[in-house]
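These numbers were taken from a predicted model, which means no experiment stands behind them. Per chain, numbering begins at 1; letters A, B, ... match sequence-line order.
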Amino acid sequence: MSEQPLRRRASVKAAEVLKSSDNDDMDRDSSDSSDDFDAPKSSSAKKATKASHSKAEVSDSDDDVPLSARKQSKPTAANGNVPQNKRAANGSSRNSAANDDNGNDSETSDAPVTKKSKTAAEKKVDDENENGDNESDEDDDDVPLSKKKANGDVKAKKTPVGKKDTAAKRKLKVEESAVTPAKKRKTPAIKKSGTPVKNEKKGEDDDNDENADEEEEEEDQFAWWKDGALDTSEKWKTMEHQGPVFPPAYVPHGIKMKYNGAPIELEPDSEEVATFFAGIIGTDYEQNKTFCANFFRDFLTVLKKQKKTCPIKEFAKCDFTPIYQHLQEQKELRKAMTKEQKQKIKEEKLALEEKYGWALFDGRKEKVGNFRIEPPGLFRGRGDHPKTGTLKLRVMPEQVTINIGKEAKVPEPPAGHKWGSVVHDNTVAWLATWKENVNDNIKYVLMAATSSLKGQSDLKKFEKARELKKHIAKIRRDYTDGLKDKVMATRQLSTALYFIDRLALRAGNEKGEDEADTVGCCSLRFEHVTLEPPNKVIFDFLGKDSIRYYNEVAVDEQVFKNIKIFKREPKKEGDMLFDRLNTAILNKDLTKYMTGLSAKVFRTFNASYTFQKELNSTPADGTMQEKILAYNRANRQVAILCNHQRTVSKAHTAQMGKIQDKVRGYKYERSLIKKALLEVDPKLKKKRPELLEDESDVDDDFVQRYLTGLEEKEKDRVAKALEKENEKRKAEGKAPLKELEKKKSVPTPLESLSVEKLEKKLEDMGKRIETTKLQIIDKDENKTTALGTSKINYIDPRISIAWCKKYDVDLEKIFNRSLREKFHWASHLDDDWEF
DNA sequence: ATTATCGACTCAGAAAAATTTTG
DNA sequence: GCAAAATTTTTCTGAGTCGATAA
């Protein structure tokens with residue numbers, strides 16, 4: 001199906017990229033845990049523990065019942081094999097770089113102890129059967145664990161209980177009040193930075209006129225980040241917009257598809273659907289059985305509604321190629337349009353954006369995002385989506401709900417139509433909404449990323465992640481404790497949290513049968529995780545968007561043991577790994593540490609934290625190129641951590657070869673310069689012995705190829721020039737030439753240049769080689785890694801902006817215009833800003 | 001009281017379009 | 001200086017997360 005284009009990561013290669021510090025982190029961590037928690041393991045202690053819990057064992061028997069008894073194991077067939085064509089995640093053993101926090105916390109060892117002693121007694125410890133009859137080492141753990149666990153649990157629960165109660169009661173209001181203090185704390189920092197930076201900005205503008213234009217309007221812009229009011233429960237007082245734009249009505253082309261070899265006349269509605277299919281010919285979807293089956297089912301339904309009955313019965317007898325060809329022709333025509341025609345289209349598009357692309361929020365003009373209603377087509381699910389190919393119907397105004405200010409004029413629906421309804425809800429961010437027919441999903445027209453609405457929630461998101469920094473040490477202590485807990489549910493929760501924290505896994509909600517089978521942390525199944533003694537866990541599953549996550553990780557001893565337990569008989573393929581855990585439980589537990597804390601916050605935190613840490617390796621005295629390479633490297637580390645991938649372009653290998661040859665060509669040129677240099681000044685032989693060295697990577701074979709290549713290119717060039725000249729002559733009515741008289745200017749022989757000039761040339765060539773080499777490295781490392789997603793969504797932009805200041809790099813070098821606009825709110829900050 | 005569903009929004013890669021580089 | 005190729009940016013919309021609400 002849906003063959004994802006072949007893409008794959010060599011984990012071997014990835015390993016090279018890994019920081020050696022990873023291991024250190026791990027080691028440190030595990031030793032931490034032993035320091036903190038490991039009590040002497042004596043068999044008597046074991047027994048004692050067991051005994052004392054035997055009661056609990058009974059009462060807790062239901063602990064054995066998986067949360068999702070309802071959800072029996074999924075059909076294994078679907079699960080077992082990861083399609084070969086899915087790409088592998090990078091990295092054989094990457095750890096989240098955030099582990100450092102553990103180390104920093106000098107109190108790691110102290111804190112737990114005190115807490116422990118307090119609470120241990122009160123906590124009931126539940127024993128599970130599993131624990132009992134388990135591996136021999138299991139028992140050892142119990143002793144210290146129970147103690148520990150007890151404390152952890154109690155303290156954990158106690159503190160938050162108060163909070164929780166509030167939370168339970170709470171409606172928006174409570175949440176707000178809870179959030180506000182945090183906000184306030186932050187506000188000064190933001191505010192402080194806001195004003196002073198502005199001055200600086202002006203200074204910059206002086207140097208750089210072009211930017212001045214771009215950011216000049218700043219003064220008029222709504223500087224919401226200055227008031228520090230991040231209350232987003234009420235999003236506006238007044239709001240107006242022009243409504244969404246509907247796709248143009250279908251214009252029949254009259255091209256006949258064939259059925260059983262015979263041309264078939266289709267009525268417009270069916271022709272449109274047939275044309276949708278013709279549009280995917282040549283893609284992987286064409287070979288995808290599910291896609292074709294779903295399409296054909298819906299195609300038949302549409303055909304049935306025709307006035308004239310249609311003979312089409314079997315997909316195999318359909319031939320859409322005439323329509324496909326027509327589409328290709330249209331494409332050609334579009335390509336061949338004159339400049340004027342293209343210009344006209346562009347202007348029309350611009351005019352549309354001018355009208356519909358903006359909304360007024362409290363009088364401020366802000367950019368709307370997707371103001372176009374999605375056009376009909378064939379649903380293109382990703383991965384093995386059961387509904388892929390299903391006909392996505394045209395959305396009618398009657399299905400659309402408009403959200404707009406009470407006083408504002410309601411936009412006119414298309415002629416002859418009415419809006420489904422009109423509401424005035426200022427607690428939501430959407431301007432319009434409708435329900436899509438394929439998956440019954442709700443779609444929204446929302447503001448663009450540059451809008452203050454989005455900016456505010458972005459800032460909020462990153463501030464939340466920063467707040468996690470304050471709690472992370474405790475959270476880590478707690479889940480490390482929890483790894484050995486007697487209660488299976490706690491143990492699972494702790495193990496899951498360990499993965500989410502270390503590996504930046506997604507939470508992993510459960511999915512329905514009518515969706516692609518993908519998983520996240522909580523929804524991992526038996527077959528997604530394998531163990532390799534002594535301490536390696538191998539993850540191999542399809543995550544969001546059916547992107548393969550493959551990772552071999554060395555984990556704490558206890559984690560390894562736990563997975564072994566979680567996978568123990570009678571569990572088998574298709575069964576949930578964490579059968580007593582789901583995202584609701586996990587997130588609910590997390591809120592005890594911090595309001596608003598949920599699994600995804602760890603990803604943001606981890607990404608930004610890692611990024612900032614990685615940026616420290618920027619060479620302060622390096623060239624601009626080197627600095628930017630360091631930036632991109634850091635970015636890449638984050639992308640790898642988050643498993644952000646992209647398909648390798650078909651041309652990649654060829655492109656790599658080309659650019660490598662380019663370097664070799666340069667090297668050859670350099671060798672010529674060296675030779676000339678030595679000829680001109682033979683004394684250099686002694687002074688500069690390196691001039692005698694051969695260039696690596698440049699063999700006779702290559703030189704031959706290179707020279708021939710140059711020759712051919714020259715021939716080509718001359719031939720083209722001639723052709724052009726002749727055309728010109730023809731136009732002027734002159735006879736064509738056989739040959740251009742002007743010979744290429746003969747380059748000055750190197751030997752005739754001065755030593756200085758040669759030295760200069762040598763240096764230039766060296767630089768060129770270095771830059772190109774860096775490009776190669778960059779390109780190869782980027783082959784399967786998509787940097788954009790993390791840059792846009794996970795990395796706090798203030799880290800980048802602070803970095804630019806510190807290393808004197810123009811922001812334009814790392815943020816394109818959209819990014820600069822999107823992160824405008826972050827551009828004013830103190831010099832010493834840290835994530 | 002759970003659990004299932006819904007609603008709203010963030011985040012995701014592919015594809016299309018625009019821009020820059022190259023030869 | 002131009003066309004083609006390569007690269008970057010933008011658009012598009014599907015796929016998650018997560019809290020609220022209904023059953």
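Close to dG13(B), at under 4.0 Å from its OP1 or OP2, lies no side-chain N or O of Thr647(A). Between Thr789(A) and the phosphate of dG13(B), there is a side-chain N or O to OP1/OP2 separation shorter than 4.0 Å. Between dT10(B) and Lys454(A), a contact under 4.0 Å exists linking OP1 or OP2 to a side-chain N or O. OP1 or OP2 of dT13(C) has not a single side-chain nitrogen or oxygen of Tyr444(A) nearer than 4.0 Å. Under 4.0 angstrom from either OP1 or OP2 of dA12(B) there lies at least one side-chain N or O belonging to His644(A). Considering only side-chain N and O atoms, Arg603(A) lies under 4.0 angstrom from the phosphate OP1 or OP2 of dA12(B). The side chain of Asn587(A) places an N or O atom within less than 4.0 Å of a non-bridging phosphate oxygen (OP1 or OP2) of dC18(C). Contact annotation: Thr583(A) side-chain N/O to dC18(C) OP1/OP2 distance is not under 4.0 Å. At dC9(B), none of the side-chain N or O atoms of Ser457(A) fall inside 4.0 Å of OP1 or OP2 (strictly under the cut-off). At least one side-chain nitrogen or oxygen of Asn816(A) sits closer than 4.0 Å to the OP1 or OP2 atom of dT9(C). Residue Thr433(A) has no polar side-chain atom (N or O) positioned under 4.0 Å from OP1 or OP2 of dG7(B). A sub-4.0 Å separation between OP1 or OP2 of dT10(B) and a side-chain N or O of Lys544(A) is absent. Distances shown here put every side-chain N or O of Lys443(A) at or beyond 4.0 Å from the OP1 or OP2 atom of dC12(C).
Using a 4.0 Å heavy-atom distance criterion, Arg334(A) is classed as making no nucleic acid contact. In this structure, Glu515(A) reaches neither bases nor backbone, as no heavy-atom distance under 4.0 Å exists between it and the strands shown. At the heavy-atom level, Lys392(A) lies under 4.0 Å from the strands shown only through sugar-phosphate atoms. At the heavy-atom level, Gly543(A) lies under 4.0 Å from the strands shown only through sugar-phosphate atoms. Among the atoms of the strands shown, only primed sugar atoms or phosphate atoms (P, OP1, OP2) are found under 4.0 Å from some heavy atom of Lys779(A). Counting non-hydrogen atoms under 4.0 angstrom, Asn509(A) reaches a base of the nucleic acid.
Heavy-atom nearest nucleotides on DNA chain C were determined for Lys600(A) and for Lys367(A), and the one closer to the 5' end corresponds to Lys367(A). Comparing Val519(A) and Ile373(A) against DNA chain C, the residue whose closest nucleotide sits nearer the 5' end is Ile373(A).
Proximity note for Leu446(A) (side chain, C-beta onward) versus dT9(C), dT17(C), dC9(B): the nearest is dC9(B). Among the nucleotides dC11(B), dC18(C), dC9(B), the one closest to any side-chain atom of Lys235(A) is dC9(B). Listed nucleotides dT11(C), dT10(B), dC18(C) differ in distance to Ala599(A); the shortest reach to its side chain belongs to dC18(C). Checked against dG7(B), dA12(B), dG16(C), the side chain of Lys511(A) finds its nearest nucleotide in dG16(C). Closest contact between the side chain of Val428(A) and the listed nucleotides dC9(B), dT10(B), dA12(B) involves dC9(B). In this structure, of dT13(C), dC11(B), dC9(B), it is dC11(B) that holds the atom nearest to the side chain of Thr604(A).
With respect to Tyr549(A), the side-chain contact (heavy atoms from CB on, under 4.5 Å) criterion is satisfied by exactly one of Leu542(A), Leu505(A), Val519(A): Leu505(A).
No N or O donor and acceptor, one from the side chain of Arg380(A) and one from the base of dG14(C), sit under 3.5 Å apart.
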Below 3.5 Å is the cut-off: list the nitrogen or oxygen pairs between protein and nucleotides 18-23 of chain B, distance only.
none

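Taking Pro376(A) as the reference, Pro247(A), Glu272(A), Phe276(A), Arg394(A) meet the side chain to side chain contact (heavy atoms under 4.5 Å, CB included) condition, with sequence neighbours excluded. Not counting sequence neighbours, the partners of Thr450(A) by the side chain to side chain contact (heavy atoms under 4.5 Å, CB included) test are Lys367(A), Ala448(A), Glu821(A). By the side chain to side chain contact (heavy atoms under 4.5 Å, CB included) test, Asn439(A) pairs with Phe379(A), His385(A), Lys387(A), Glu436(A), Asn441(A), sequence neighbours left out. Legend: residues meeting side chain to side chain contact (heavy atoms under 4.5 Å, CB included) with His652(A), ordered by chain and number and at least two apart, are Val648(A), Ser649(A), Met656(A), Lys779(A), Asp780(A), Lys783(A).
Sorted by first and then second residue, the pairs that involve residues 649-661 of chain A and meet salt bridge (Lys or Arg N to Asp or Glu O under 4.0 Å), not counting sequence neighbours, are Asp661(A)-Arg664(A), Asp661(A)-Arg705(A).
Shown here is Lys342(A), whose NZ atom has more than 12 heavy atoms of other residues, nucleotides or ligands within 6.0 Å.
Outside the 6.0 Å centre-distance limit, the rings of Tyr550(A) and Phe539(A) are not counted as a close aromatic pair.
The SG atom of Cys642(A) lies 8.0 Å from the CZ atom of Arg506(A); values are rounded to the nearest 0.5 Å.
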